[in-house]
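See below for the structure under consideration.
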Amino acid sequence: MRSVCLYGGTVEEQTRQYEPSFIEPKWQNIWDQKGKYSVKEVCGKKKYYLLEMFPYPSGRIHMGHVRNYSIGDLMARFRMMQGYNVLHPMGWDAFGLPAENAAIKHNVHPAKWTQDNIDYMREQLKRMGYSYDWDREVSTCSGIYAKWEQWLFLKMYEKGLVYKKEAPVNWCPSCNTVLANEQVENGCCWRCETEVVAEQLSQWFLKITAYAEDLLAGCDTLTGWPERVVTMQKNWIGKSHGIEIDFPLADREGCLKVFTTRQDTIYGAIFMSIAPEHPLVEELSRGSSQETQIRAFVKRVTSQDKKFRSSEDVIKEGIFTGAYCINPMTKNSIPIFIANFVLMEYGTGAVMAVPTHDQRDFEFAKKYGIPLRIVIQPPDNCLKEEEMTQAYTEEGVMVNSGSFNGLKNTDAMNQIADYMEEHGIGRKTVNYRLRDWGISRQRYWGNPIPIIYCPECGVVPVDYKDLPVRLPMEVDFPPDGKSPLPNLPDFVNCSCPRCGSSAKRETDTMDTFVESSWYFERYASPSWDKSPFDRDAVEYWMPVDQYIGGIEHAVLHLLYARFFTRVLKDLGMVSFAEPFKNLLTQGMVIKDGAKMSKSKGNIVDPDDMVKRYGADTVRLFLLFAAPPDKDLDWSDKGVEGCSRFLNRCWRLVLGIMNAIKSRPDLKKGFSMAEMPADAEGLSKRLRQLTHQTIRKVTIDIEDRLHFNTAISRVMEMVNELYTIDLPKVLAGMPAEDSMQKKADLFAVREAMRSLILLLSPFVPHIAEEMWEEAGEEFSLFDHTWPGFDLDIAQDEDILLMIQVNGKIRSRMTVKADSTDDEIKNAAMIDIRVREWINERPVKKVILVKNRLVNIVV
RNA sequence: GCGAGAGUGGCGGAACUGGCAGACGCGCUGGACUUAGGAUCCAGUGGUAAAACCAUGCGGGUUCGAGUCCCGCCUCUCGCACCA
């Protein structure tokens, strides 16, 4: 017989303990059995599509997932309570390399490994109590998903958006596969950080560049996205306006095309630099006295790995080809160099070199003793070629530039471009940094590319009726990490769909970013089998109203998904171009100053935390410790604080209910819910607190996405309720009924109900349990989000600061309806204010409504 | 180098359009209740002897009033990076 003390130990009654390990599974089962979160399209009901980036089934959920999904669940439940028809699905980005590595290491089939992981992680997510509609679960390695993705590939093929070409590609020697440009970070593989090397390979590409302009223009419509993500996308697309200029070759046919954005400097172009990979390298250097040296140079540079070659501190070097071309403006003959810093991937792979006004060209010219020619002079001082120590890249006045002399270079830009177009020297062009998306992967565990190579017909797409091309399940994984597919005759050998002769199947699989480019549409009709998705369902749910995920996909996944959506639109399959209306990029979970990772040994396992504190506490902590878009420091102490707070809420609600239950008369008044208009005393104080809290929490969640401050508002309310000591107040209420008693009881109930409702999207289990304890009906989540009344929330008395010369010297309370003059006069006669004014004449009195009075003397 | 963001107590973080700097939580200190307290409740907690003064990276400015706006620096984080 132990007494649990409430409010200084006055209540000698056994109070039920808060036991998350009991109540959390309880409510999870109830929600599950009642199908609480499965949704249908309801005509006319306002929808809300809340999506979190689906996980790769790596084995276990980590804290970053838990943070991501806790934010999502909060927002989903909040919208549900606001009356939206909320789609909140979950699935698995299930193809990928780790499954193959596991196959080699543990001798388990990737399909089994993946499925086991999915089963385990699904249980982990269920234990967190997220409001997913599990009926819509999608796994991208399933036959049906693969089928419709291959179908989309073929549609794109028909549209000319898919092509195969031999090109230098990014090869990751550790993953044994090719990577897209977006998947190379600082010259290293995005997944394993191995240095990427260049390989010449024949590869399948998706023509994302055909949408470069549209993707860029669409950026301006992404008003619900973080600005930096939009900027990153814009930079990645990298549009630049310029002009393509023809430099005729001297002593032979043809010309060298260059792309430049600085046509104003063309009169200073006194040599030419071309990339070592440039197709004219061979021809131009033929017959040169140093042909062998040129070969050696080209070979050396092209064999350097990407990271090394593109790093800033690589010295600029080059070699003269022996050939010349003509500067079309000066008509001078200028030498053509091969230079290591010129990129074949950008522009035309050739640049006109203007050493006086481009730092790279300057360094190059200095090294090889090429003379300089200034064509732009700064407005004030006069540059001299022989005194220059660096290139002058600022604005200025044109000199040495024929008929353009004397013009501001910024003004000359267009005039020169026009002149060149008129004289057939060049064409205005737009150039993009964006490259086509290489999707071939030399891997097994991915979606097969549905293509057949026929010795008669060439490249032939698989027939639609033969979809999907299935991965063979009987496979041995070679220990060298290479794909087993090319060595499987049953898979490779097939007959040509066109002529029937024996043919070979494509053995590359698709980049897994293809799956994540349309899964959000698949959720709308996850078992649909007539096409990738049911158009009506997609039109009902899409676009995603709120998308939540890590910043690491700012370019990769988000760009691909935008591209795919545009393709679907052009295929007539959807009506919209942008898939994600609002985007929230959540920060990382940090421990001891570093991102949680196995190698750092600073991982906190969600399972352990849930076991110790319960899912609600973990969720609350992740939402409370930082705003969602900032990095979050994991703190064991902080978690305890959240656990403590939930216990406090629990005792508060149960304490009130105990007091009510022990007094039949209170119970009666308590449930009547009738509020007299002119509330005074307790009820007034309580109602004001309640409505102020509702107001702040609602704004914090809905408008500002500041969940941490929303929680702090609720904490303030709880603290305030504790100082009132409601159980004691209730116990001391008179036996006979009165209007005052009714009002007070109503206000207590309103406060308690509101408190639980405000907490519910953060901590749904304890909220549901307290709701039940408070005698309310299941389910809390059928109840609408509490509204607030501004009149009730309004303070009658306002505390005003009084400043003298901008420094706070006193404060006073005034009635909310006081006039300006009343307030000013009241401030002037304040004793402390008089001392500070000290008989000096008052120059000015500034009044800021509801804030302060400032007296200037 | 370019672009974006940030710099506030011992710590995580508050402060909407300029208007009580440090909400809320952690930690710490004291007290209450206790056989006990690492449970719970109450109080305190930026600095300094101070009711005054000083404090939001540094230096200027605008203003009655600046964490917030402007100018110039410093530092950190992120993205892009020889892009012609």
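All values reported here derive from a predicted model rather than from experimental measurement. Labels below follow one simple rule: chain letters A, B, ... track the order of the sequence lines, proteins then strands, and each chain is numbered from 1.
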| task | Please tell me which of the listed nucleotides, A15(B), A84(B), C24(B), lies nearest to the side chain of T261(A)? | result | A84(B)
| task | Look at all strands and tell whether D358(A) reaches a base, only sugar-phosphate, or nothing, counting heavy atoms closer than 4.0 Å. | result | nothing
| query | How close do R713(A) and D700(A) get, heavy atom to heavy atom, and via which atoms? | reply | NE-OD2, 3.4 Å
| said: What's G641(A) touching, base or sugar-phosphate or nothing? Going by heavy atoms closer than 4.0 Å. | reply: sugar-phosphate
Distances under 3.5 Å only, N/O to N/O: pair up the protein atoms with those of nucleotides 67-72 of chain B.
none

| request: Give a yes or no on whether the backbone of A391(A) and the side-chain of Q359(A) come within a donor-acceptor separation of less than 3.5 Å. | output: yes
| field | Between S21(A) and Y613(A), a side-chain donor and acceptor under 3.5 Å | value | no
Sub-3.5 Å pairs of nitrogen or oxygen atoms, protein against nucleotides 18-22 of chain B:
from   : atom 1 : to      : atom 2 : distance (Å)
G19(B) : N2     : Q803(A) : OE1    : 2.9
C20(B) : O2     : R811(A) : NH1    : 3.0

| Going by atom types alone, do D797(A) and T813(A) pair a side-chain donor with an acceptor below 3.5 Å? | no
| task | Give one of base, sugar-phosphate or nothing for K807(A), where a contact means two heavy atoms less than 4.0 Å apart. | result | sugar-phosphate
| Out of G27(B), C83(B), C64(B), which nucleotide sits closest to the side chain of R644(A)? | G27(B)
| message | Categorize S635(A) for me: base, sugar-phosphate, or nothing, with a 4.0 angstrom heavy-atom threshold over every strand shown. | response | nothing
| query | Is the shortest distance from a Lys or Arg side-chain nitrogen in R300(A) or E317(A) to a carboxylate oxygen in the other one below 4.0 Å? | reply | yes
| Cationic tip of R433(A) within the cone over Y346(A)'s six-membered ring, i.e. under 6.0 Å and within 45° of the normal? | no
| request: Starting at the 5' end of nucleotides 75-80 of chain B, put B wherever the base has a protein heavy atom under 4.0 Å, S where only the sugar-phosphate does, and a dash everywhere else. | output: ---SSS
| said: Checking side-chain polar atoms at under 3.5 Å, does S240(A) have a donor or acceptor matched by the opposite partner on N431(A)? | reply: no
| request: Tell me what R809(A) touches on the nucleic acid: a base, only sugar-phosphate, or nothing, going by heavy atoms under 4.0 Å. | output: sugar-phosphate
| Hey, is G9(B) sitting syn or anti, using the within-90° cutoff around 0? | syn
| request: On RNA chain B, check which nucleotide each of A625(A) and I711(A) is closest to and give me the residue with the more 5' one. | output: A625(A)
| task | Give the nucleotide from the list C82(B), U40(B), A15(B) with an atom nearest to the side chain of H706(A). | result | A15(B)
| task | Under 4.0 Å between any heavy atoms, over every strand shown, what does V351(A) touch: base, sugar-phosphate, or nothing? Just pick one. | result | base
| request: Return the set of residues passing side chain to side chain donor-acceptor pair (under 3.5 Å) with E213(A) (not counting sequence neighbours), or none when no residue passes. | output: K239(A), Y432(A)
| field | Dot-bracket summary - RNA chain B, pairs being Watson-Crick or G-U whose distances fall under 3.5 Å, with | when paired to another strand | value | (((((((..(((......[....)))((((((.......))))))((.....))..(((((..]....))))))))))))....
| field | Residues which pass side chain to side chain donor-acceptor pair (under 3.5 Å) with N708(A), listed by chain and number, not counting sequence neighbours | value | none
| query | Using a cut-off of 4.0 Å on non-hydrogen atoms, how would the nucleic acid contact of N719(A) be classed: base, sugar-phosphate, or nothing? | reply | sugar-phosphate
| Separation of R704(A) atom CZ from A14(B) atom P, in whole Å? | 9 Å
| Is a donor-acceptor contact shorter than 3.5 angstrom present between the side chain of K844(A) and the base of C64(B)? | no
| query | Starting at NZ of K630(A) and ending at P of G5(B), how long is that distance when rounded to a whole Å? | reply | 12 Å
| Distance flag, aromatic centroids of F337(A) and F364(A), threshold under 6.0 Å | yes
| field | Heavy-atom side-chain contact between M420(A) and I245(A) under 4.5 Å | value | yes
| query | Which residue, T356(A), V375(A), I376(A), forms the side chain to side chain contact (heavy atoms under 4.5 Å, CB included) with Y392(A)? | reply | I376(A)
| With respect to the side chain of Y722(A), which nucleotide from C42(B), A52(B), C64(B) is positioned closest? | C42(B)
